[in-house]
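Basis for what follows: all heavy atoms, side chains included, without hydrogens, waters or symmetry-related copies. Counting convention: from 1, in listed order, for ligands and their atoms alike.
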Amino acid sequence: MKQPKPGGTVKNKEKFNQSNRRDFLKTSGLTALGWSAAPFLFSSCKTKTGTDEKQQPGLIQINNLAFPAGFLWGTATASYQVEGAANEDGRGKSIWDTFSHTPGKIVNNDNGDIACDFYHKYKEDTQLIKSLNAKAYRFSISWSRIFPDGTGTPNQKGLDFYNRMVDELLENGIEPFATLFHWDLPQALQDKYKGWQSKETANAFAAYAGYMAEKLSDRVKHFFTLNELWTFIQLGYGDGIFAPGLKLPPAELYQARHHAVLAHGLGVQAIRAQGKAGTKVGVAENLKVAVPFIETPENIKAAEIATREINAGYLTVIMEGKYTDAFLKKAGADAPKFTTEELAIINSPMDFCGINIYNPECYVQASSNEDGYERIPFAKSHPTSTSRWHFLAPETLYWGVRHFQKLWKGKEIYITENGCSGTDELTQDNHVYDTDRIMFLRGYLSQLQRATAEGIPVKGYFYWSLLDNFEWASGYGTRFGLYYMDYKSLKRYPKLSAAYFKAMAQSNSVL
Ligand code: GBH
């Protein structure tokens with residue numbers, strides 16, 4: 001079997017278009033609806049979306065699901081998950097080196113020593129990004145490549161790598177979006193300060209963030225401070241399933257969480273102080289989204305209340321500069337110690353907010369109880385991807401950005417991660433028919449388009465991930481990429497979803 005190319009289907013469509021357009025409109029009821037988009041439906045190859053992107057010859061917009069002009073299509077990765085080269089050019093150890101080399105912590109005892117070898121293959125991978133027609137790439141910087149001990153003297157060779165990579169992206173017309181912390185904390189800071197348990201780590205982060213802004217902001221215009229505070233705090237310091245593998249009692253966990261949001265705020269300030277004028281900064285958080293189970297005004301309100309409360313220790317305090325009353329009440333004697341000055345730092349204005357969305361936190365309905373909402377339990381048979389935590393609900397993308405905008409009125413939103421894992425079997429002739437991922441993308445992006453059509457300022461979308469990579473505690477067996485990784489040969493193969501993503505990026509619409 002040959003992998004069908006998008007061009008093939010399109011040709012047929014074109015034929016269909018020429019001969020049957022009137023009949024089609026009639027039978028589909030579109031004329032009766034006075035569907036305003038009908039004029040572009042068959043209008044040769046011009047994009048109606050206003051992007052300056054030239055459309056692929058023959059690729060025709062057949063639906064009304066366009067994104068706004070200038071909408072940015074990108075893919076994302078993170079340093080420890082793709083770079084490898086763990087012991088090269090003076091890189092210091094991170095807590096993920098330690099954790100992944102501790103037997104029993106990672107499925108199959110995998111580790112990130114080699115990963116995708118992106119450290120050496122970034123040029124090849126830049127071409128992969130380019131051939132997806134992606135115009136942006138979100139990567140993260142390994143803190144311990146820059147400061148092997150977390151603080152102190154910077155390591156020029158580490159910086160050189162990111163200089164080379166950023167230059168390569170720009171030469172290929174791809175805009176770099178840099179995340180400063182995607183969980184690979186320098187081991188030295190864990191040893192010295194107990195990592196996020198100490199405010200010293202937040203201070204060290206700010207120094208590192210400012211340094212990176214100084215060195216890269218002539219070319220990197222968008223910085224994310226930290227990735228998914230909820231995840232690395234809860235799973236790393238609360239549940240012990242991510243590095244550094246701690247199970248802290250509540251009071252200490254609350255305090256570590258506070259230091260993480262504080263690090264974000266200090267990071268924003270350091271980037272503003274040391275970056276070039278015009279450098280933009282925000283966070284990348286996995287907003288926990290409550291979805292109204294029926295879209296009534298009452299349930300929507302309940303879902304907003306729930307979303308604000310569930311994220312109280314993270315995005316809510318970042319956006320509002322205060323912990324909610326319910327959060328402090330629930331924490332009681334375990335509540336974090338903080339000052340009003342710290343709250344103001346945490347609330348430092350951002351230029352945009354990055355939101356990672358995979359799954360809904362819960363479905364909710366309105367309730368007259370004290371909370372104002374009631375969680376609806378997931379059915380045992382609720383569909384998931386191959387990642388069992390990954391409950392599927394495309395509308396989460398819509399409600400995530402809509403709640404964000406309603407609650408906090410951010411200036412700009414980027415979907416900094418969205419994606420799914422799959423079985424992804426490589427055929428004898430090197431194809432991967434990941435129809436499940438295509439279904440996922442179509443469903444989720446349709447809901448994102450719904451949000452942009454309503455005027456919610458979503459500026460771009462980063463698919464997680466460019467490549468299959470080191471999926472943290474799940475190791476290499478769990479694959480999220482648009483490109484399949486053969487970890488033995490380190491060869492990359494485009495999955496069918498890569499063609500699908502590319503077609504959408506080219507037409508700037510859901511297809
Ligand atoms: C993102 O987290 C991460 O930013 C990214 O690095 C990662 O590769 C990607 O998602 C895919 O997982 O181990 O079963 O207890 C998304 C939120 C939180 C989802 C942690 C998985 C672990 C579940 N993730 N969670 S489990």
Check your understanding: Would R479 count as a cation-pi partner of Y484, with NZ or CZ less than 6.0 Å from the six-membered ring centre and within 45° of the ring normal?
Key -> yes
Exercise for review: Would you check if the distance from the ring center of W464 to the ring center of Y358 is below 6.0 Å?
Suggested key: no
Check your understanding: Do side-chain atoms of N418 reach the backbone of I357 as a donor and acceptor pair under 3.5 angstrom?
Key -> yes
**Study point:** Atoms in ligand 1 flagged as close to F480, the criterion being non-hydrogen separation under 4.0 Å
**Key:** 11 (C), 12 (O)
Check your understanding: Is a donor on one side and an acceptor on the other found under 3.5 Å between the side chain of Y398 and the backbone of Q449?
Key -> no
Point to revise | Top protein contact for atom 3 (C) of ligand 1, by heavy-atom distance | key: E417 OE1, 3.3 Å
**Study point:** Nearest-neighbour protein heavy atom for atom 9 (C) of ligand 1, which is reported as residue plus atom name and distance
**Key:** Y358 OH, 3.3 Å
Practice item. Using the ring-ring contact (aromatic ring centres under 6.0 Å, His included) rule, pick out the option among F242, W196, W230 that qualifies with W183. Key: F242
Check your understanding: Can you find an N/O atom of W389 closer than 3.5 Å to an N/O atom of ligand 1?
Key -> no
Practice item. Compute the shortest N/O to N/O distance between S474 and ligand 1 and return yes if it is under 3.5 Å, no if not. Key: no
**Study point:** ligand 1 to W464 polar contact by distance, N or O atoms, under 3.5 Å
**Key:** yes
Exercise for review: Among F378, F391, W399, find the residue that satisfies the ring-ring contact (aromatic ring centres under 6.0 Å, His included) test when tested with Y363.
Suggested key: F378
Check your understanding: What do you reckon, does E228 have a nitrogen or oxygen under 3.5 Å from a nitrogen or oxygen of ligand 1?
Key -> yes
**Study point:** W96 to Y80 - nearest heavy-atom pair and separation
**Key:** O-OH, 3.5 Å
**Study point:** Within reach of ligand 1, part of R388 (heavy-atom separation under 4.0 Å)
**Key:** neither
Study note, to complete from the structure: Going by the 4.0 angstrom heavy-atom rule, the piece of L235 near ligand 1 is side chain
Review point. So, F327 versus Y254, ring centres under 6.0 angstrom or not?
Key: yes
Exercise for review: Could you list which atoms of ligand 1 come closer than 4.0 Å to a heavy atom of T231?
Suggested key: 18 (C), 20 (C)
Exercise for review: State yes or no: are the ring centers of F161 and H120 separated by less than 6.0 Å?
Suggested key: no
Review point. Does W230 have a non-hydrogen atom less than 4.0 Å from ligand 1?
Key: no
Check your understanding: Backbone or side chain, does any N or O of H182 fall under 3.5 Å from an N or O of ligand 1?
Key -> yes
Practice item. Just let me know how I241 lines up against ligand 1, side chain, backbone, both or neither, with a heavy-atom cut-off below 4.0 Å. Key: side chain
Exercise for review: Measure E471 to ligand 1 on non-hydrogen atoms and call it side chain, backbone, both or neither using the 4.0 Å cut-off.
Suggested key: side chain
